[in-house]
Protein chains: 2
Amino acid sequence: MIKNTIRAAQEELKRKGYKLTGPRKAIINYLAESQEHPDMQQIFAGIRAEYPSIGMATLYRTLGLLLELDILRAITVKKNQLRYELKKPGDHHHHLVCTECSQILEFGSCSFKHISSEIETVTRYSIEYHNLEAYGLCPQCQATS
Amino acid sequence: MIKNTIRAAQEELKRKGYKLTGPRKAIINYLAESQEHPDMQQIFAGIRAEYPSIGMATLYRTLGLLLELDILRAITVKKNQLRYELKKPGDHHHHLVCTECSQILEFGSCSFKHISSEIETVTRYSIEYHNLEAYGLCPQCQATS
DNA sequence: AATCTAATTGATAATTTATTTCATTAAGGT
DNA sequence: ACCTTAATGAAATAAATTATCAATTAGATT
């Protein structure tokens, strides 16, 4: 549910003492509504449609902030090529990335929770979140090669 | 075993038809011998000690190539902060990253293999490799906060 | 509703990072 | 030893990211 995603993100911002500004709302809205996994350029272009005055420094700052707050996730498609997605409350998934065409597919099964607490015990780290990305060829690129 | 790591990387280069040049050897050696997980700056500085004439374009090109060939792995410590490690034959592990001090700790348990083939069946992707990174606070940073 | 204060913004400049270009070098096959 | 072509390194160029700072605005306080 998009509305929940937006609300959760906004509340997290306020909870941590950050102001809910126009640019931030626009960025959150754009991310929540985008089904694909846009990169920075796409986000910038997309936001400008709704909020033409936004500067690129603000976008950098805001994405950095959302990542910091663990509201946003970055998916590494290639070296120095990140794509973004807003975290949805109650949802947990990971990504398959095509090494050829950079298509991203989500998959729901996550086996990390089974070993998470053991790793915490052994390493004494307190784990806050995790990312798993699997790389390979999508069906189309398998056919092409 | 460092020698095996170096040999495996070199053989993979040759196998794919790339030349085994001085700069490439120097970079592979440096990466194989470094116990920590160096970033680009550290690698550049480290290589220059052994191979002073190396240019930075060559380092960029070589790291890109090694990543492409799946010999090298990049660990995302923060947005736009990558650290590198050469893959060791027969070894498989993942990383814990401290969100505060960026310390990296390896852990051996990987639960992905159990679900990998199911994901391949369901998604029709052919998976070549995967990366898992867990983020949290290291013991020291927990104590500080 | 008007006021206040500090966080936030956006334009620009400055900086850092990454890529392209191209003449020169050297790897590896013959 | 030679030959062909990939690879290198220096420099130029381009692209990405961050810092600066006056102007704006969110949200608390009256």
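Numbered from 1 within each chain, the chains take letters A, B, ... in sequence-line order. Heavy atoms only: backbone and side chains are in, while hydrogens, waters and symmetry mates are out.
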Can you tell whether the side chains of A:Arg124 and A:Glu120 come within less than 4.0 Å, N to carboxylate O?
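Salt bridge absent between A:Arg124 and A:Glu120.
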Q. With a 4.0 Å cut-off, would you call B:Glu12 and B:Arg15 a salt bridge?
A.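 So B:Glu12 pairs with B:Arg15 through a salt bridge.
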Name the closest nucleotide to the [X] side chain, picking from [options].
{"X": "B:Pro23", "options": "C:dG28, D:dT8, D:dT18", "result": "D:dT8"}
{"X": "A:Arg24", "options": "C:dA18, D:dG9, C:dT8", "result": "C:dT8"}
{"X": "A:Ala57", "options": "D:dA10, C:dG28, C:dA11", "result": "C:dA11"}
{"X": "A:Arg48", "options": "C:dA11, C:dT9, D:dG27", "result": "C:dA11"}
{"X": "A:Gln41", "options": "D:dA16, C:dA11, C:dA18", "result": "D:dA16"}

Is there a side-chain contact between [X] and the phosphate of [N], meaning an N or O under 4.0 Å from OP1 or OP2?
{"X": "B:Arg61", "N": "C:dT19", "answer": "no"}
{"X": "B:Thr21", "N": "D:dA7", "answer": "no"}
{"X": "A:Asn80", "N": "C:dA18", "answer": "yes"}
{"X": "A:Lys19", "N": "C:dT9", "answer": "no"}

State the CG-NE2 distance between B:Leu132 and B:His93, to the nearest 0.5 angstrom.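 Here the interatomic distance stands at 11.0 Å.
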Looking for any heavy atom pair under 4.0 Å, which part of the strands does [X] touch: base, sugar-phosphate only, or nothing?
{"X": "B:Lys25", "value": "nothing"}
{"X": "B:Phe44", "value": "nothing"}
{"X": "A:Thr58", "value": "base"}

Rounded off to whole Å, could you give me the [atom1]-to-[atom2] distance for the [X] and [N] pair?
{"X": "A:Tyr60", "N": "D:dT20", "atom1": "OH", "atom2": "P", "value": "18 Å"}
{"X": "B:Ile27", "N": "D:dT8", "atom1": "CD1", "atom2": "P", "value": "8 Å"}
{"X": "A:Leu63", "N": "C:dT8", "atom1": "CG", "atom2": "P", "value": "15 Å"}
{"X": "B:Met56", "N": "C:dT17", "atom1": "CE", "atom2": "C1'", "value": "8 Å"}
{"X": "B:Leu69", "N": "D:dA7", "atom1": "CG", "atom2": "C1'", "value": "15 Å"}
{"X": "B:Ile54", "N": "C:dT24", "atom1": "CD1", "atom2": "P", "value": "21 Å"}
{"X": "A:Lys79", "N": "D:dA15", "atom1": "NZ", "atom2": "P", "value": "18 Å"}
{"X": "B:Leu59", "N": "C:dT20", "atom1": "CG", "atom2": "P", "value": "16 Å"}

Contacts of type ring pair (Phe, Tyr, Trp, His ring centres under 6.0 Å), residue A:Tyr129, not counting sequence neighbours
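Testing A:Tyr129 for ring pair (Phe, Tyr, Trp, His ring centres under 6.0 Å), a comparison that skips the adjacent residues, returns B:Tyr135.
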>> Pick the closest DNA chain C nucleotide for B:Met40 and for B:Leu20 by heavy atoms, then say which residue is nearer the 5' end.
In response: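 Its nucleotide being nearer the 5' end, the pick is B:Met40.
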message: Determine whether a donor-acceptor pair (N or O, by modelled atom type, separation under 3.5 Å) exists between the side chain of B:Thr76 and the backbone of B:Lys78.
response: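 The answer is no, because no donor-acceptor pair under 3.5 Å joins these two groups.
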| Quick one: are B:Arg83 and B:Ile104 in side-chain contact, heavy atoms under 4.5 Å? |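 Answer yes - side chains close enough.
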